[in-house]
Amino acid sequence: MFYALAEGKIPTGKYEFVHHLDDIETLNACAEEGLYEVTAVSIHAYAGLADRYALMNCGASMGEGYGPILVASEPLFIEDLKGLKVAVPGLRTSAYLALKLLEPGFEPVVVPFDRITAAVDRGDVPAGLLIHEGQLFYPEQGLHKVIDLGEWWNRETGLPLPLGGNAIRRDLPPKEIREISILVEESIRYALEHRQDALTHALEYGRGLDWAQGERFVSMYVNERTLDYGDDGRRAVQLFLDRGYEAGLLPHRVDVEFV
């Protein structure tokens with residue numbers, strides 16, 4: 001998404017973009033402090049940030065009938081999750097909220113996202129919730145799929161599962177919010193139009209992905225939906241957070257604003 005901005009491929013006028021790379025749960029925590037003017041956030045975390053940030057209409061990561069995958073070292077059923085320890089990538093992540101909506105009775109154990117498969121494989125926990133490229137490789141590690149939360153959400157609602165988005169701080173002047181949002185959208189559009197160059201850039205951060213694996217994973221979460229949530233995508237975000245509130249998992253209802 002940010003290749004064009006990071007590599008100076010598009011003019012940014014008076015704006016200078018400085019990139020800070022962290023896992024999504026760290027960025028969620030930074031957003032609670034309002035640290036960055038523009039930040040990637042989990043849609044779940046946004047429920048606690050809406051007074052400080054607005055969601056950009058570009059930058060979404062949505063699961064179109066796929067999403068975070070719950071895996072286990074032995075075959076499990078959903079009803080087996082009650083009281084079971086499950087490694088999760090963070091308590092603010094959308095994956096965690098989705099699993100809590102499905103089965104609230106599991107015991108979460110927070111593990112960095114890139115160590116979850118190893119934790120399950122070692123037997124530290126019987127099950128783990130995979131985000132990022134771990135979704136592609138768990139069969140090779142002998143792990144068993146319990147459920148794909150994107151598939152479940154789509155069956156329940158007919159909508160894509162909202163996972164992450166870009167947020168911009170509300171204390172910026174409205175003109176700057178608009179201009180910065182346009183630049184981020186242009187960066188995404190540039191990447192989609194220059195896929196090979198953008199993917200080469202992205203694979204620097206791919207934790208061992210080869211070209212084909214990187215192309216497959218990026219295509220899942222950076223696509224035309226990333227340019228614009230679409231009406232159904234915006235509905236999905238609102239419904240996801242509404243369901244979280246109705247289930248008692250969020251402290252208050254959120255009216256999502258897109259800019």
Side-chain angles (χ1 to χ4, degrees), residues 1-6 10-62 89-98 159-191 221-222 224-259:
M1 293 188 205
F2 305 108
Y3 160 66
L5 293 173
I10 58 174
T12 59
K14 68 178 182 179
Y15 299 105
E16 178 185 0
F17 289 83
V18 180
H19 298 262
H20 299 270
L21 302 178
D22 271 309
D23 69 280
I24 191 63
E25 187 70 341
T26 299
L27 293 178
N28 289 335
C30 290
E32 290 180 354
E33 303 173 12
L35 185 59
Y36 302 125
E37 288 87 358
V38 178
T39 184
V41 294
S42 297
I43 297 300
H44 176 198
Y46 183 73
L49 304 170
D51 59 337
R52 179 171 279 173
Y53 286 90
L55 274 182
M56 290 181 172
N57 190 48
C58 62
S61 291
M62 309 279 281
L91 301 182
R92 305 174 186 85
T93 61
S94 301
Y96 173 72
L97 178 58
L159 295 170
L161 177 61
L163 297 168
N166 289 335
I168 187 165
R169 255 190 4 221
R170 293 181 182 274
D171 61 356
L172 296 173
K175 182 174 183 289
E176 294 188 2
I177 288 176
R178 174 173 173 76
E179 290 172 346
I180 294 167
S181 298
I182 289 171
L183 287 172
V184 173
E185 181 181 346
E186 288 180 358
S187 179
I188 297 165
R189 190 181 306 279
Y190 186 95
Y221 293 110
V222 186
E224 291 300 317
R225 179 81 72 180
T226 313
L227 281 174
D228 187 316
Y229 278 81
D231 290 340
D232 59 341
R234 289 184 285 272
R235 286 199 311 274
V237 172
Q238 188 65 64
L239 180 62
F240 187 54
L241 296 181
D242 285 347
R243 291 273 179 97
Y245 171 73
E246 291 160 4
L249 300 171
L250 300 177
H252 52 80
R253 191 178 296 277
V254 179
D255 290 323
V256 183
E257 180 184 0
F258 296 87
V259 299

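Index from 1, following the sequence. What you see is a predicted model; the values in this text were computed from it and never measured. FYI, side chains are in, hydrogens and waters are out, and symmetry mates aren't considered; it's all heavy atoms of this structure.
- When all heavy atoms of A47 and L241 are compared, the closest pair comes out as CB-CD2, 4.2 Å.
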Please test R234 against D228 for salt bridge (charged side-chain N to carboxylate O under 4.0 Å, His left out), starting from the C-alpha separation and ending with a verdict.
CA-CA 9 Å; R234 289 184 285 272; D228 187 316; 2.9 Å; yes

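- Using a 4.5 Å cut-off on side-chain heavy atoms (C-beta onward), R178 and V259 make no contact.
- In this structure, S61 contributes its side chain and L163 its backbone to no donor-acceptor pair below 3.5 Å.
- The number of heavy-atom neighbours closer than 6.0 Å to CZ of R253, taken from other residues, nucleotides and ligands shown, is above 12.
- Distance OG/S181 to CD1/I168: 4.5 Å, rounded to 0.5 Å.
- In terms of heavy-atom proximity, R169 sits nearest to L35 at NH1-O, 4.0 Å.
- With rounding to the nearest 0.5 Å, the separation of CZ in R189 from CG in L227 is 5.0 Å.
- Looking at every heavy atom in both residues, M1 comes nearest to G59 through CE-O, 3.6 Å.
- Judged by distance alone, the side chain of T12 and the main-chain N or O of Y15 form a donor-acceptor pair under 3.5 Å.
- Heavy atoms only, all atoms of each residue included: A54 and Y46 are closest at CA-OH, 3.4 Å.
- Summarising the geometry of N28 relative to V41, their closest heavy-atom pair is OD1-CA, 3.5 Å, with the distance given to 0.1 Å.
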Should T226 and Y221 be marked as a side-chain contact (heavy atoms from CB on, under 4.5 Å) after you check the CA-CA gap, both sets of side-chain angles, and the distance that decides it?
CA-CA 8 Å; T226 313; Y221 293 110; over 6 Å; no

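- By the 30° and 60° cut-offs, the orientation of the rings of Y190 relative to Y3 is tilted.
- At distances below 3.5 Å, not a single donor-acceptor pair connects side-chain atoms of E37 with backbone N or O atoms of I177.
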If you apply the rule side-chain contact (heavy atoms from CB on, under 4.5 Å), what do you find for S42 with R92, and how did you get there?
CA-CA 7 Å; S42 297; R92 305 174 186 85; 5.5 Å; no

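- If you take CG on D232 and CG on L239, they are separated by 12.0 Å, rounding to the nearest 0.5 Å.
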Quick one, L250 with H44, criterion side-chain contact (heavy atoms from CB on, under 4.5 Å). Give me CA distance, side-chain angles, the key distance, then yes/no.
CA-CA 9 Å; L250 300 177; H44 176 198; 3.6 Å; yes

side-chain contact (heavy atoms from CB on, under 4.5 Å) evaluation trace for V256 with F258:
CA-CA 7 Å; V256 183; F258 296 87; 3.6 Å; yes

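- Between R235 and D242 there is no salt bridge, since none of the side-chain N atoms of the basic residue sits less than 4.0 Å from a carboxylate O of the acidic one.
- Across C58 and V184, no two heavy atoms sit closer than the pair SG-CG1, 3.9 Å.
- L27 is listed as a side-chain neighbour of Y36, based on a closest heavy-atom distance under 4.5 Å.
- Between H19 and L5, the closest side-chain pair of non-hydrogen atoms falls below 4.5 Å.
- The backbone N or O of G230 sits nowhere less than 3.5 Å from a side-chain atom of R225 that would complete a donor-acceptor pair.
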